[in-house]
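Data block below; observations after.
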Amino acid sequence: MTETKKKNEWWEWIKAIVIAIGIALFLRTFIFATSIVEGESMNPTLQDGERVIFNKLVYLVDEPERGDIVIIQRPHKNYVKRVIGLPGETIEIRAGELYINNERYTQEFLSKESMLRTGNYGPETIPENHYFVMGDNRAISKDSRNGLGLILENEIIGKSEIIIYPFSEWSRTK
């Protein structure tokens with residue numbers, strides 16, 4: 001093999017590696033990223049220590065919907081919570097039952113025990129560009145009821161899509 005051919009081969013490998021790194025950085029920065037679930041506030045849907053892939057692009061073209069599991073960016077920590085209330089809605093919790101605009105809302109993703117441990121809240125009307133979020137483990141969740149407050153739309157940086165770790169738990173988030 002000639003010296004020129006070896007140099008060209010190395011150059012092609014270097015270009016391929018640089019392009020692959022560039023694509024990976026682009027995807028991580030603008031489309032997908034990972035987050036680690038910290039704490040028990042999303043049990044049983046998400047467990048402490050699970051790693052999820054979240055979609056950063058979805059809310060650039062659409063708005064969060066009720067039931068979405070979202071990543072909320074705050075200055076010192078990111079939070080994983082479920083969207084419960086949308087802008088303009090009135091949220092109230094009475095005897096463990098969730099009411100949205102005075103209509104009972106069935107929370108199929110919660111166990112009966114979690115609903116009973118939710119406590120009373122509201123009524124509170126959600127202003128424009130804000131969302132009301134809660135963890136699925138209502139008894140211990142720091143959320144819109146007690147510490148996080150209402151979430152600004154621009155604080156929601158993505159939608160949880162897939163649990164990727166531990167590998168035995170690989171699945172879509174619901």
Side-chain angles (χ1 to χ4, degrees), residues 12-91 98 100-101 105-110 114 124-138 140-174:
E12 291 302 317
W13 274 103
I14 290 170
K15 285 194 308 189
I17 291 169
V18 168
I19 289 170
I21 290 170
I23 290 170
L25 288 172
F26 174 81
L27 289 173
R28 177 157 168 62
T29 303
F30 298 107
I31 303 193
F32 293 105
T34 62
S35 183
I36 297 174
V37 177
E38 294 179 15
E40 307 294 325
S41 73
M42 283 301 292
N43 276 351
T45 307
L46 298 172
Q47 308 294 317
D48 183 36
E50 287 183 334
R51 185 174 294 266
V52 296
I53 291 180
F54 66 94
N55 183 334
K56 292 175 139 183
L57 185 63
V58 68
Y59 296 137
L60 295 177
V61 296
D62 203 1
E63 295 178 351
E65 296 177 8
R66 185 177 350 279
D68 286 357
I69 297 174
V70 297
I71 312 301
I72 300 159
Q73 186 173 43
R74 288 288 172 92
H76 302 290
K77 183 179 178 181
N78 288 352
Y79 295 89
V80 179
K81 302 293 175 191
R82 188 179 297 273
V83 173
I84 301 297
L86 306 175
E89 294 180 332
T90 299
I91 298 293
L98 174 64
I100 301 172
N101 296 330
Y105 178 76
T106 304
Q107 303 170 78
E108 295 175 6
F109 47 85
L110 287 182
S114 290
E124 180 170 12
T125 300
I126 304 164
E128 288 301 310
N129 299 317
H130 288 79
Y131 292 85
F132 185 91
V133 299
M134 288 196 283
D136 288 356
N137 189 353
R138 302 291 166 78
I140 66 164
S141 178
K142 178 179 179 181
D143 52 39
S144 290
R145 300 168 297 160
N146 58 15
L148 287 184
L150 297 174
I151 305 302
L152 286 165
E153 186 171 9
N154 66 2
E155 292 177 314
I156 298 174
I157 60 169
K159 177 181 178 182
S160 175
E161 297 283 354
I162 301 170
I163 300 168
I164 60 169
Y165 184 84
F167 300 118
S168 61
E169 299 297 320
W170 184 275
S171 65
R172 290 188 52 86
T173 54
K174 299 174 191 100

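There is no side-chain donor-acceptor pair under 3.5 Å between Gln107 and Arg82.
Take Asp68 and apply the side-chain hydrogen bond (donor to acceptor under 3.5 Å, both in side chains) test, not counting sequence neighbours, and it matches Tyr59. A search for side-chain hydrogen bond (donor to acceptor under 3.5 Å, both in side chains) contacts involving Tyr131 returns nothing, not counting sequence neighbours. Checked against side-chain hydrogen bond (donor to acceptor under 3.5 Å, both in side chains), Glu124 has the following partners two or more places apart in sequence or in another chain: Tyr121. Under the rule for a side-chain hydrogen bond (donor to acceptor under 3.5 Å, both in side chains), the partners of Ser41 that lie at least two apart in sequence or sit in another chain are Lys81. For the salt bridge (charged side-chain N to carboxylate O under 4.0 Å, His left out) test, residues two or more places apart in sequence or in another chain that qualify with Glu12 are Lys15.
Here the closest heavy-atom approach between residue Val52 and residue Ser160 is recorded as CB-OG, 3.8 Å. Closest approach of Leu57 to Asn55, counting heavy atoms only: N-OD1, 2.8 Å. Residue Phe54 comes nearest to Gly158 through the heavy atom pair CD1-CA, 3.7 Å, listed as atom of the first residue, atom of the second, then distance. Taking each heavy atom of His130 and Glu128 in turn, the nearest pair found is ND1-O, 2.8 Å. Across Glu40 and Ile140, no two heavy atoms sit closer than the pair CB-CD1, 3.4 Å. The minimum heavy-atom distance between Pro64 and Ile156, with the atom names listed, is CG-CD1, 3.9 Å.
At least one donor-acceptor pair under 3.5 Å links the side chain of Ser144 to the backbone N or O of Val133. Side-chain N or O atoms of Asn101 include one that pairs as donor or acceptor with a backbone N or O of Thr90 at under 3.5 Å.
Once rounded to the nearest 0.5 Å, the distance linking CG of Asp143 with CG of Asp136 reads 10.0 Å. To the nearest 0.5 Å, atoms CG (Asn146) and CZ (Arg138) are separated by 11.5 Å. Rounding to the nearest 0.5 Å gives a distance of 5.0 Å between CD1 of Ile69 and CG of Leu46. Rounded to the nearest 0.5 Å, atoms CD1 (Ile100) and CD1 (Ile84) are 7.0 Å apart.
Phe132 has its side chain within reach of Leu150: a pair of non-hydrogen atoms, C-beta onward, lies under 4.5 Å apart. Ile91 has its side chain within reach of Leu98: a pair of non-hydrogen atoms, C-beta onward, lies under 4.5 Å apart. A heavy-atom distance below 4.5 Å is found between the side chains of Ile157 and Asn78.
Within the structure, salt bridge (charged side-chain N to carboxylate O under 4.0 Å, His left out) contacts touching residues 58-67 (residues at least two apart or in different chains) are Arg66-Glu89.
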